[in-house]
Structure formats: structure tokens, C-alpha cells
Amino acid sequence: IEDSESPRLRVIIDPIDGSKNAINGLPMFCTSIAVANGPTVDDVFMGYIVNLISADEFWAVKGDGAYFNGRDIYSTKEDKIEMILYESQRPSEELPRMNRLFSYALRTRCFGATALDLAHVAAGSASLFVTLSKSRSFDFAAGYLIVMEAGGVCTDADGRGIGSLPTGLGKTNTILASANRQIHDKAMQALHQ
């Protein structure tokens, strides 16, 4: 949609995030939709994720908060790392780097659906999500907004902001999404020791 008075809107859709799960019969996959009024992740102003198995819905509108099935959600304010969600496409290379971070957690889980992982950090179900594998922005654009609107922090695995990344298929990046700044700082320290 484009006219002389409004910027061009972009709709970024991942119809089946967790497609490998879906193909293999693992019931953990979702649809992720983000709407942006510009070319970058920071331009996303609406994000929506629906779990295609449970029909649970997560969404956010920039400046208006984050929601789970119609209820306000907030990432946890605790500085203790209870549960870490992670993704790895090259376990033999990536998991050794994550081991120190894992040692801070009570539990770890690898679900294989980046958008749902981000939504669960936003909802307070998990302390953080990390992937050292490169994800495309359509995997994380909606989840990024939901995490930020819920009070979380989202950067790449080196602590650099990812909001200026272009939306689309071309650019890939690592992700570290944390419930709050204290957890994010602990995670960064663990990943870089």
C-alpha cells in the first residue's frame, strides 16, 4: 500500500515457522506475521504469532504493549535464569559456545520454532532465547516486537542491536532475546568468556 502521504507498508509472513518440526510430525510450529511501515525490523509496528497446534495467539502493537490470548504479558523481572530456549543448526560448533550459558539455567529447551521461542520469552515462560545460527528477519520480526513491547531486550549474540536490519529474505543474524537487561548482561558475559 503506497500513497503520497503514507510510507509503503510491508507485510512479513512466515507461514510455517518450525517447518522442519511440521515435516517431521513434531507439534511445535506457528505462523508469524509482522507489519512494518519501512524497510527495517525497527519499522515493525504490529506483530502476530499463532501456535498452529494450540491456537494460542501472541501479538503486539508498537507503543501499546504485548498480549497472549487477549491478556497483557510482560517478560519476567527476575534476574535469575530459570529456563533457556535455544536453536542450533550446527550443534557441534554452537553448543560448546552455549555450554557456559546453559550452566546458569535450571532448564534448557530446544523447540525449533524461533517465533514461538521469542513469544515465550515475552510471556515470561522463559528467561531467554539464543540462536547462534543465522536467522532471517521474517523468522524473528514479529517476535522481536512482542519481546520489546513486553519489556525484554533483543540483540544479536554479540550485543549489537538488530532493529536496523532489513526485513526480508536476504539478511540473516544471530539472536539473543532476554526477559530483562540483567539477564541479557549475564548471557552476554557467558557467551563471550
Item to check | Gap between atom NZ of Lys186 and atom CD1 of Ile81 - 0.5 Å precision | outcome: 6.0 Å
Checklist entry - To the nearest 0.5 Å, what is the distance between OG1 (Thr31) and CD1 (Ile49)? => result 10.0 Å
Next on the checklist: Keeping Thr40 on the side-chain end and Ser164 on the backbone end, is there a donor-acceptor pair under 3.5 Å?
Outcome noted: no
Next on the checklist: Taking CE in Met188 as the centre, count heavy atoms belonging to other residues, nucleotides or ligands within less than 6.0 Å. Is the count above 12?
Outcome noted: yes
Checklist entry - Under 3.5 Å, is there a donor-acceptor pair between the side chain of Lys20 and the main chain of Leu26? => result no
Checklist entry - So, Asp117 side chain and Tyr86 main chain: donor-acceptor pair closer than 3.5 Å or not? => result no
Checklist entry - Which pair of non-hydrogen atoms, one from Lys80 and one from Ser127, has the smallest distance, and what is that distance? => result O-OG, 3.7 Å
Next on the checklist: Test of understanding: with side chain to side chain contact (heavy atoms under 4.5 Å, CB included), list the residues that count as partners of Ala34, not counting sequence neighbours.
Outcome noted: Ile12, Val44, Ala141, Ala142
Checklist entry - Is there side-chain contact between Asn51 and Leu116, with heavy atoms separated by less than 4.5 Å? => result yes
Item to check | Donor-acceptor under 3.5 Å (Asp139 side chain, Thr114 main chain) | outcome: no
Next on the checklist: Within this structure, what is the CG-CD distance for the pair Asn99 and Gln193, rounded to the nearest 0.5 Å?
Outcome noted: 13.0 Å
Next on the checklist: Within the 4.5 Å heavy-atom criterion, are Leu128 and Leu101 side-chain neighbours or not?
Outcome noted: yes
Item to check | Which residues share a side chain to side chain contact (heavy atoms under 4.5 Å, CB included) with Tyr74, sequence neighbours left out | outcome: Asp72
Item to check | Partners passing side chain to side chain donor-acceptor pair (under 3.5 Å) against Asn21 (at least two apart in sequence or in another chain) | outcome: none
Item to check | Rounded distance (nearest 0.5 Å) linking atom CD1 of Ile16 with atom OG of Ser32 | outcome: 12.5 Å
Checklist entry - Which pair of heavy atoms, one from Gly159 and one from Thr155, lies closest together, and at what distance? => result CA-OG1, 3.5 Å
Item to check | SG-CG distance between Cys154 and Leu176, expressed to the nearest 0.5 angstrom | outcome: 7.5 Å
Checklist entry - In Å, rounded to the nearest 0.5 Å, how long is the span from CD of Gln182 to OG1 of Thr76? => result 10.0 Å
Checklist entry - Could you go step by step and tell me if Ile13 and Phe138 meet the side-chain contact (heavy atoms from CB on, under 4.5 Å) rule? => result CA-CA 6 Å; Ile13 301 173; Phe138 73 83; over 6 Å; no
Checklist entry - Under 3.5 Å, side chain of Glu149 to main-chain N/O of Gly63, donor-acceptor pair present? => result yes
Checklist entry - What about Val153 and Leu191, same hydrophobic cluster or not, with Ile/Leu/Val/Met/Phe/Trp/Tyr joined at side-chain heavy-atom distances under 4.5 Å? => result no
Item to check | Donor-acceptor under 3.5 Å (Thr174 side chain, Ala157 main chain) | outcome: yes
Next on the checklist: For Gly152 versus Met148, what's the shortest heavy-atom pair and its separation?
Outcome noted: O-SD, 3.8 Å
Next on the checklist: So Met46 and Trp59, do their side chains get closer than 4.5 Å, heavy atoms only?
Outcome noted: no
Item to check | Closest non-hydrogen atom pair between Asn69 and Ala55, with its separation | outcome: OD1-O, 4.3 Å
Next on the checklist: Show me the pairs that pass ring-ring contact (aromatic ring centres under 6.0 Å, His included) and involve residues 103-133, at least two apart or across chains.
Outcome noted: Phe58-His120
Checklist entry - What are the two closest heavy atoms between Val121 and Ala179, and how far apart are they? => result CG1-N, 3.9 Å
Item to check | Heavy-atom side-chain proximity of Cys30 to Met28 below 4.5 angstrom | outcome: no
Next on the checklist: Do Glu94 and Ser133 pair up side chain to side chain, a donor and an acceptor below 3.5 Å, judged on atom types alone?
Outcome noted: yes
Item to check | Asp158: partners by side chain to side chain contact (heavy atoms under 4.5 Å, CB included), with sequence neighbours left out | outcome: Arg97, Asp156, Arg160, His192
Item to check | Nearest heavy-atom neighbours spanning Ala177 and Leu118 | outcome: CB-CD2, 3.4 Å
Checklist entry - Do Met83 and Ser125 have side-chain heavy atoms sitting under 4.5 Å apart? => result no
Item to check | Heavy-atom donor-acceptor pair, Asp79 side chain to Ile183 backbone, under 3.5 Å | outcome: no
Next on the checklist: Once side chain to side chain contact (heavy atoms under 4.5 Å, CB included) is applied, do any residues pair with Val41, and if so which ones, sequence neighbours excluded?
Outcome noted: Ser137, Phe140, Tyr144, Leu165, Thr167
Next on the checklist: Do Ile175 and Glu87 have side chains that approach each other closer than 4.5 Å (heavy atoms only, starting at C-beta)?
Outcome noted: no
Item to check | Side chain to side chain, Arg107 and Glu82, heavy atoms closer than 4.5 Å | outcome: no
